[in-house]
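A, B, ... follow the sequence lines: proteins, then strands. Residue 1 opens every chain. Note that the structure is predicted; figures quoted are calculated from it, not measured.
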Amino acid sequence: MPGQLEEARAGEPDAFAAVLRPVLDPAFRLAMALLRDRGAAEDAVQEASINAWRALARMRGDESGVRPWFLAIVVNECRRVKRGRWWSVVLSDRIVITPAAQEPERLERSDLQRAFERLSLEDRAPLYLHFYLDLTHREVSRILGISEGAARSRLHRAVEHLRPHLEESAR
Amino acid sequence: VSSEFDPGLRRHIQSLFETAEAAPPSYLAAVVAARLRAAGPRRNRARVALTLATAALVATVGVVGVAQALRSSARPPVTVPAGHRPTPSELSPQVPEMCGGSGGGTATTGDAVSVAVSSHPDYDQVVFQFSGVMPHFRVVSSGSAQFTSVASGQTVVLEGTSGIEVTLSGIDSPGYSGPSELRPGFQALREARLIGNSEGVMNWAFGIGGPGCYRLAVLTNPSRLVVFIPTPASG
């Protein structure tokens, strides 16, 4: 993908879309982990893409820096959605029509999944970043905008919350 | 990484993020690309001015926005009996008039779409009809009737003073064989044009004579998305 980031920086939206394409999968999974709703996660990734486009001039480094930079924007967008500020309703009002016949098949939730869903957004995020994306504590802290110690602490707290169910699933 | 956690524990936690419902929809990249094109080129030098203008706009519409948000947040899903053709006034206040963006539907693969336009005393309407389930949709107002073609990247200027863009995602768009351009010349709906149709995403642009606000209704049996556009005198 040589030069696409530079083309994007020059103002080419298609080049920026190409730059973002490889990180949309981890970005969507992150948004799903945080928001637990496919529609909301999709909207969050789309809004984060627009926010990233507007903030591209402030992004430093090469393509290798795109993923952590974009994931940080996705986290912020998910936090904004969770806070439910009033203008998000005005600008992104949504009509949700899900007749029973159209609802996705409801999956059986394991105790582990239920325990995971009880975690706060701030505790689910480091779990995903550290265990699924294999990011270091330092990288996790940068994406979440917190100290490395706080990232480590949140990870431990989340794992301790899940541990009884993890041991149960392992049996 | 994470030497303090054993591999078994790591594997179990990873499994939480590998479910089918955690995977992104196939059309996400196409929708993001379309939205970036619609956003147009970045204007860094105008950033401060834009921020100030946005702040002024927020202050101006703040009171109205809060009132609308409070009303919208409690709004139940709209259900309409099969065969019934509602008017905007019947749907209000469940479906308030919007001048921003909205979306909904199901993230799934549906079937081909047909498009119809009509004019009524107080509003014009566009009806998208699907032979399968309602696909995911997104509706966004714009302050002009100028759009960007998804296929060519060229600017497309429609008749009208404002615009509305409808993005339908996850549909069997190659099955669409209807018109790609409609020029009804109604009072509100001046023109409708298909500006993108690839990778399961259809982008329709409307040129509007008026402020570009709208109401939406989602109807079943068959699945339809109806965009009501008030005529300037009634809006």
Looking at every non-hydrogen atom in both residues, tell me the closest pair between Val32(B) and Ser49(A) and how far apart they are.
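Minimum heavy-atom separation between Val32(B) and Ser49(A): CG1-OG, 3.5 Å.
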
Over all atoms of both residues, closest heavy-atom pair of Phe28(A) and Ala22(B)
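The pair with the smallest heavy-atom distance is CD2-O, 3.3 Å.
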
Does any backbone or side-chain atom of Leu16(B) lie under 4.5 Å from a heavy atom of chain A? Answer side chain, backbone, both or neither.
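The side chain, not the backbone.
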
Region of Ala23(B) that comes under 4.5 Å of a non-hydrogen atom in chain A:
both

Engaged part of Phe116(A) at the chain B interface, taking heavy atoms whose separation is under 4.5 Å
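The side chain, not the backbone.
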
Side chain from CB out, backbone as N, CA, C, O: work out which of these in Asp25(A) comes under 4.5 Å of a heavy atom of chain B, or both, or neither.
both

Any chance you could measure Ile13(B), atom CD1, to Leu112(A), atom CG, to the nearest 0.5 Å?
8.0 Å

Measure the CZ-CG distance between Arg10(B) and Asp134(A) for me, rounded to the nearest 0.5 Å.
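These two atoms lie 4.5 Å from each other.
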
Give a yes or no answer on whether the side chain of Arg35(B) reaches the backbone of Ile50(A) with a donor-acceptor pair at less than 3.5 Å.
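The answer is no, because no donor-acceptor pair under 3.5 Å joins these two groups.
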
Can you check whether Phe131(A)'s main-chain N or O pairs, donor with acceptor, with Gln14(B)'s side chain at less than 3.5 Å?
yes

Heavy-atom side-chain proximity of Phe17(B) to Leu127(A) below 4.5 angstrom:
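With C-beta onward as the side chain, the pair touches.
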
Going by the rule ring-ring contact (aromatic ring centres under 6.0 Å, His included), which residues pair with Phe147(B) if we only count those two or more places apart in sequence or in a different chain?
none

Which residue out of Ala34(B), Pro24(B), Ala33(B), Gly153(B) racks up the most heavy-atom pairs below 4.5 Å with chain A?
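The option with the most such pairs is Pro24(B).
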
Who pairs with Arg21(A) by salt bridge (Lys or Arg N to Asp or Glu O under 4.0 Å), at least two apart in sequence or on another chain?
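By the salt bridge (Lys or Arg N to Asp or Glu O under 4.0 Å) rule, Arg21(A) matches no residue at all.
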
